[in-house]
S.K.: 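For reference, the structure I am asking about is given below.
The basis for the numbers below is simple: all heavy atoms, side chains too, and nothing from hydrogens, waters or symmetry mates. We name chains A, B, ... by the order of the sequence lines, and we start the count at 1 in each one.
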Amino acid sequence: MRLANGGRRIDRSVPLTFTLDGVELTGFRGDTLASAMIANGIIQVAPSLYRGRPRGIVSAGVAEPCALVQVGPEPSRPATTVELYEGLCARTLRGVGRLDPAAETLRSDKKYVHTDVLVVGGGPAGVAAALAASAGEARVILVDDRPDPDGGPLDPEPLGERPEVRVLSRATAFGYYDGNYVLIAQRNRLWHVRARRVVLATGAQERPIVFADNDRPGIMLASAVRTYLSEYAVLPGRAAVVVTTNDSAYFAAFELAAAGARVEAIVDTRSAPPSDLAERAAALGIEILAGNRVTATEGDARLTAVSTMHKTIACDLLAVSGGWNPVVELFSQSRGTLRWDDRLAAFVPAVAAQATSVVGAANGTFDLAACLAEGAAAGTAAAREVGYPAPPLTLPVVETRGEAEPHPVWLMPGEGAPITWRDHFVDLQRDSTVADIARAIGAGLSSPEHVKRYTTIGTGSDQGRTSGVVALGVLAELLGRRSPGEVGSTTFRAPSVPIRFGLMAGRDRGPLHDPVRVTPLHSWHVAAGAEFEDVGQWQRPRCYPRHGEDSEAAVLRECRAARTGVAVQDVSTLGKIEVVGRDAGEFINRVYTNGFAKLSVGSARYGMMCGADGMVFDDGVVLRLAEDRYYLTTTTGGAANVLDWLEEWAQTEWPDLDVAFTSVTEQWATVAVVGPSSREVVTRLAPRLDASAVAFPFMTFREAELVSGIPARIARISFSGELAFEVNVASWYGAATWEAVMAVGADLDITPYGTEAMHVLRAEKGFPIVGQDTDGTVTPHDLGMSWIVSRGKDFLGKRSLRRPDTVRTDRKQLVGLLPVDPDELLPEGAQLVADGVSPEPPVPMLGHVTSSYRSATLARTFALALVKDGRNRIGQTVLAPLGEKTIAARITEPVFYDKEGTRRDG
Amino acid sequence: MLLITCPWCGPREETEFRYGGQAHVAYPADPEALSDEDWARYLFFRDNPKGTFVERWVHSAGCRRWFTTVRDTVTNEFSREREGRA
C-alpha cells in the first residue's frame with residue numbers, strides 16, 4: 001500500500017507502468033521493483049528452489065535472498081535492486097533463472113582510472129570521508145550503489161562542484177585486489193580503479209533470526225520495513241509484530257505506527273529494554289514482550305499470526321532484527337583480518353593489509369555523530385597521506401542516543417532435537433535449515449568452511465549476506481561454543497555481487513577478443529578465395545580451393561605444383577629478429593645448438609634453440625648480413641617468446657656481450673617461390689641476378705634488384721626439399737612483389753599454396769614443426785637431429801643433453817608412420833599402442849601421432865609420430881585404437897621423399 | 001593486481017610484466033664440470049619462501065628490460081627496488 005505522503009526517492013509526478021508475471025501494474029519513478037510491488041500489495045514471490053515453500057520480499061537491497069526476478073535476458077536479479085522504468089517486464093524466479101542462449105547484444109565498456117582516494121559507500125560516513133578527502137587537491141572517487149549518495153545530515157552536493165571528484169552512482173565495488181585495485185560495476189561499465197588510499201564505508205547489514213517457519217511471506221528485516229516507509233512511502237503490512245535483539249527495530253515499530261499500521265507487539269529478547277524506548281512504545285500503545293521469543297508462525301502462504309512464549313498474535317507483517325553485521329566483504333577480500341566483537345556481537349575489521357581504512361557502521365560504529373567524525377577523520381588523513389592536505393571538515397551537530405547493549409539470539413528453539421528442525425531456515429535462497437547444520441555436525445564437521453560446503457549455506461547468488469553470520473551463530477550454539485567468534489569466519493571472495501560475463505568481457509569479444517594480424521598480402525589472399533587458419537594471432541591462407549574443388553583436393557593440387565612445377569607461398573608471418581653488435585656472432589653461437597662461428601657474410605644456416613633443460617624451443621634460419629649483423633627467423637607463433645629469451649640471456653647472464661635485438665617481423669614481406677621451375681620465375685623476376693646453382697648456392701642469399709626496381713633480399717632456403725627461393729622485400733612492396741611473381745609465373749601455371757600444403761611438403765621430408773611435432777619434452781636427439789648438436793662449443797641446454805633422463809634409450813622419438821591401409825588417415829593426437837597387446841586397460845601407451853596427411857607424391861596417407869624407443873621399432877606395426885575402429889600402421893624412418901636431397905638444386 | 005615499479009619506466013600495471021622467478025641463480029661458469037645433481041639443482045631447484053623473496057621481472061610490454069626486486073610473498077609488497085640488471 002502506498003502512503004499518501006513521503007517517500008524520499010520517489011517522484012509521484014512520474015507514474016510508470018510495468019509488468020510482473022504478465023500482470024500490468026504501476027509505480028513511480030524512483031521506485032525499485034520491490035517497492036512498487038509492495039505499493040501494489042504484493043509481497044509474495046516465487047516459491048523456494050528446493051522445498052517449494054512460499055516466499056516473500058525480505059530485504060530492501062542487495063542482500064535479498066528470495067525476491068529474484070528475470071528482467072529481459074538477465075536472470076537472478078534481486079527485485080530490491082531493480083530500478084523501475086516505463087515498460088519494465090519482469091518475471092519472478094524460482095531458483096536461478098535462465099540465461100538467454102542468444103549472444104549478448106548489450107555493449108559493455110571498461111574504464112581504467114587512477115585516483116588518490118577511493119571511498120566506497122555513500123552513506124553519512126562515506127560522504128563525510130569524500131568531502132574531507134577532497135577539500136584539498138586530492139583526486140577522489142566516491143562509489144555508491146544507489147541512485148544518489150545519502151549523507152544524512154551531510155549534503156553531498158559540494159562533491160559535484162569539485163573538479164577532481166567523481167561520484168559513481170548506481171555502482172557497486174565488488175572486488176578488492178592487491179595493490180589497492182578495486183573493480184566497480186556501474187550498469188554497463190566496468191571500472192578498474194587503482195587507488196592510493198581506500199576508505200571503506202560499506203555500512204552494516206541487518207541479520208535475521210532463526211525460528212520455526214521464519215520464511216513466510218510477510219517476514220521481513222526491520223531495517224527493510226523502515227527503508228520502504230521512508231524512501232518509497234510504501235507500507236508492507238497493516239498489522240505488525242516486531243521481534244528484536246537490539247534497539248534499532250523499535251524505530252521500525254514507531255515508524256510503522258506513524259504510518260498508520262497497527263503494531264501489535266514488540267518481542268524483545270532482552271529482559272530489560274531501555275526505558276526511553278519502552279516509554280515511547282507505551283505512549284503509542286505498543287505492548288512490549290520482554291525476554292520473550294517467537295516460537296512459531298502461521299499462514300497459508302502469507303503470514304497470518306506469530307506465536308510467542310505466552311500467546312499467539314494475529315498479524316500480516318513480522319519485522320525482524322537479529323542485530324547488525326558490519327559489511328566487511330571488501331575489507332576481507334583485501335586480506336584484512338577480522339575479529340569478533342562481543343559487545344556488538346559481530347565480526348569487525350581488525351588489521352588492514354593494504355592502505356585501507358574502514359569507517360562508520362562497516363567498522364562497527366553505529367552512532368551517527370561518531371560515523372560522521374570517523375569518516376571525516378579518515379578522509380582528512382587520506383588526503384594528507386597522498387600529499388594533498390586539506391582543512392578538517394566542519395561537521396553538523398547531531399543528536400546522539402546511547403545504544404543499549406544487544407542480546408544476541410541466533411536461534412529460537414523449536415520442539416525436539418535440532419536435527420529435526422527442518423523449518424528453521426538459515427539460508428532462504430539455498431533452503432538450508434538448522435537440521436542441515438545439525439547433520440553436518442553429526443557427520444563430524446565443525447569448521448565453518450566445511451559446514452558451508454556440506455550445507456551450501458552462503459553459496460547462493462546473495463553470497464549469504466543475511467545467512468552467513470547467522471549460520472555461524474547457529475553452529476556455535478549447536479557446538480556449545482560461546483559465540484561465532486569461537487568458530488571463526490568463512491572467506492569472502494570476489495565478486496561480492498553477481499556480475500555479468502558480458503561486463504567482464506567488455507568489448508574484448510568476437511573479433512576484438514584478440515588482435516588479428518594479417519600480412520601485407522592479405523587482401524590478395526581474400527580475393528583469391530583462400531581458406532584461412534589462425535596461427536597464433538596471424539591469419540594465414542590454409543589453401544586456395546578453386547571453383548568446385550574441396551580443400552582436400554586443393555591441398556593435393558598445391559603440393560603437386562610445388563613438386564612438379566612452381567608454387568608460391570606468403571611466408572611473411574615468420575618471426576624475424578635482427579641481432580646487431582660486435583658480439584652478435586658470439587651470442588648467436590651460444591643460443592643455437594649448432595655452430596655459427598664460421599657462418600660467412602652472405603650465407604644462411606638452419607639453427608635450433610633449446611631451453612636450458614635441453615628441450616627444443618624454436619628453430620629457424622639465420623642470415624649473416626654483415627660482420628656484426630644477423631637476421632634470425634623464428635616460428636610464426638614463437639617470435640615474441642624468442643625475442644624475450646634472447647633479451648633475457650643478453651641482459652641477465654651475458655651483459656658483457658655487445659649485442660642488441662630488434663623485431664623486424666612486420667618490416668619485411670616474404671614470398672617463397674618453390675618447385676623445379678622456381679629458378680625460371682626468379683630469373684624473370686630479377687633478371688640481373690645469376691640464380692644458377694653454381695653462382696647462387698643453397699643456403700646463401702643475395703641482395704638483388706627486381707625488374708620493378710624494388711630492392712629485394714633473395715635467399716635459397718627450402719622447407720619443402722625442392723629448389724626454392726625466399727624473396728624478402730620491404731613490407732610496403734609486398735603486394736606488388738607478390739603480383740609480379742604471379743605475373744611472371746603465369747605461363748608456368750604458378751600456384752599459390754597455403755599452410756596445409758606447406759605442412760605436407762615438409763612432413764614428406766621429415767622436417768619437424770616446433771610446437772606441432774614437439775611439445776617441450778623433446779630433445780634434438782629425440783627428433784633424430786643429432787647432426788645439429790655441436791660437440792665442441794657450449795650452448796644453452798647442452799649440459800642437459802647428457803642428464804640421465806635425456807640419455808635414456810627408450811625416450812619418445814620422432815618416427816614416420818605408414819597406415820597399413822594407404823587410404824586411412826590417422827587423426828593427429830591419436831594414441832599408439834603395441835600390436836598384439838590386450839585391449840584391457842591399463843594399456844601401455846607408446847606415443848602419439850603428431851602430424852598426419854594425405855600425400856599427392858606418395859599417393860597415400862602418412863604420418864609423423866613420437867614413439868617410445870621409436871627408432872628401434874622401425875619396421876614394427878603399432879595400433880591407433882579410435883573407439884569405433886583401430887588403425888594399424890607401420891613405423892618407418894621419418895623421411896618419406898628424396899632421402900638423398902637431390903632436388904634442392906633443381 | 002600488482003603495481004610494479006620498473007626502474008626505467010616507473011610504476012606500471014602487472015600485465016605489462018613477465019615474471020622471471022628467483023634472482024641470482026647464475027648460469028654456471030662451466031656446466032660441463034657439474035655433476036648431474038648440481039646441474040639439476042641449477043635447472044629445477046628454487047626457493048619458495050614465505051616472506052621476502054628476491055626475484056626477477058621483465059617489463060616485456062614496455063622497455064623490455066630485466067630487473068631484480070624484493071617482494072614479500074605474503075603481502076605482495078615490494079620493499080626494495082634496485083636499479084640494475086638481474
S.K.: Between CE of B:Met1 and CG of A:Asn180, what distance do you get to the nearest 0.5 Å?
M.R.: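 One gets 12.5 Å once the value is rounded to the nearest 0.5 Å.
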S.K.: What part of A:Arg803 is in contact with chain B, defined as an atom under 4.5 angstrom from a non-hydrogen atom: side chain, backbone, both or neither?
M.R.: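 Answer is both: backbone and side chain atoms of A:Arg803 are under 4.5 Å from chain B.
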S.K.: Give a yes or no on whether a salt bridge exists between B:Arg65 and A:Glu647, defined as a side-chain N under 4.0 angstrom from a carboxylate O.
M.R.: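 Judged by the 4.0 Å cut-off on N to carboxylate O distance, B:Arg65 and A:Glu647 do not form a salt bridge.
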S.K.: Taking all non-hydrogen atoms of both residues into account, name the closest pair between B:Thr75 and A:Asp178 and its distance.
M.R.: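 It is O-OD1, 4.5 Å.
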S.K.: Side-chain contact test, heavy atoms from C-beta onward, threshold under 4.5 Å: evaluate it for B:Glu32 versus A:Lys798 and give yes or no.
M.R.: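 Side-chain contact under 4.5 Å: yes.
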S.K.: Within a radius of less than 6.0 Å around CZ of A:Phe587, do more than 12 heavy atoms belonging to other residues, nucleotides or ligands occur?
M.R.: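 Above 12, so yes.
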S.K.: For A:Lys111, which residues count as a side chain to side chain donor-acceptor pair (under 3.5 Å) partner, sequence neighbours excluded?
M.R.: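 A:Lys111: no side chain to side chain donor-acceptor pair (under 3.5 Å) contacts found.
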S.K.: Would you please test B:Tyr27 and A:Asp794 for side-chain contact (heavy atoms from CB on, under 4.5 Å) and show each step?
M.R.: CA-CA 12 Å; B:Tyr27 186 65; A:Asp794 188 29; 3.3 Å; yes
S.K.: Just wondering, more than 12 heavy atoms not from A:Asp514 lying within 6.0 Å of its CG?
M.R.: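 Yes, enclosed.
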S.K.: Could you please state which residues from residues 11-19 of chain B sit under 4.5 angstrom from chain A, measuring non-hydrogen atom to non-hydrogen atom, sorted by number, or 'none'?
M.R.: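 Near chain A, by residue number: B:Glu13, B:Arg18.
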S.K.: Less than 4.5 Å apart, side chain to side chain, heavy atoms only: is that true for B:Val58 and A:Glu648?
M.R.: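 A side-chain contact is absent here, since even the closest heavy-atom pair is not under 4.5 Å.
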S.K.: Who are the side chain to side chain donor-acceptor pair (under 3.5 Å) partners of A:Thr635, not counting sequence neighbours?
M.R.: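 If we apply the side chain to side chain donor-acceptor pair (under 3.5 Å) test to A:Thr635, skipping adjacent residues, the hits are A:Asp618.
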S.K.: Select one option (side chain, backbone, both, neither) describing which atoms of A:Ala612 are under 4.5 Å from chain B's heavy atoms.
M.R.: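 Both the backbone and the side chain of A:Ala612 come within 4.5 Å of chain B.
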S.K.: Let me know if A:Tyr112 has heavy atoms under 4.5 Å from chain B in its side chain, its backbone, both or neither.
M.R.: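 For A:Tyr112, no heavy atom lies under 4.5 Å from chain B.
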S.K.: Select one option (side chain, backbone, both, neither) describing which atoms of A:Tyr177 are under 4.5 Å from chain B's heavy atoms.
M.R.: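 For A:Tyr177, heavy atoms of backbone and side chain both lie under 4.5 Å from chain B.
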S.K.: For the side chain of A:Arg799 and the backbone of B:Ala33, is there at least one donor-acceptor N/O pair under 3.5 Å apart?
M.R.: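 Looks like no, no N/O pair under 3.5 Å.
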S.K.: Only heavy atoms, only distances under 4.5 angstrom. Which residues in residues 36-45 of chain B are near chain A?
M.R.: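 So far as heavy atoms go, B:Asp36, B:Trp39, B:Tyr42, B:Leu43, B:Phe44 are the residues that approach chain A to under 4.5 Å.
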S.K.: Relative to chain B, which segment of A:Arg194 carries a heavy atom at a distance below 4.5 Å: side chain, backbone, both, or neither?
M.R.: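 Interface part for A:Arg194: side chain.
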S.K.: Calculate, to the nearest 0.5 Å, the distance between atoms CG and OH belonging to B:Leu3 and A:Tyr181 respectively.
M.R.: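 Reported to 0.5 Å precision, the distance equals 10.0 Å.
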S.K.: Taking all heavy atoms of A:Asp644 and all of B:Trp66, pick out the closest pair and write down the distance.
M.R.: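 Answer, listing the atom of A:Asp644 first, then B:Trp66: O-NE1, 4.4 Å.
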S.K.: With a 4.5 Å cut-off on heavy-atom pairs, point out which of A:Ala353, A:Gly179, A:Ala640, A:Pro804 contacts chain B the most.
M.R.: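 Looking at each of A:Ala353, A:Gly179, A:Ala640, A:Pro804 in turn, A:Pro804 comes out on top.
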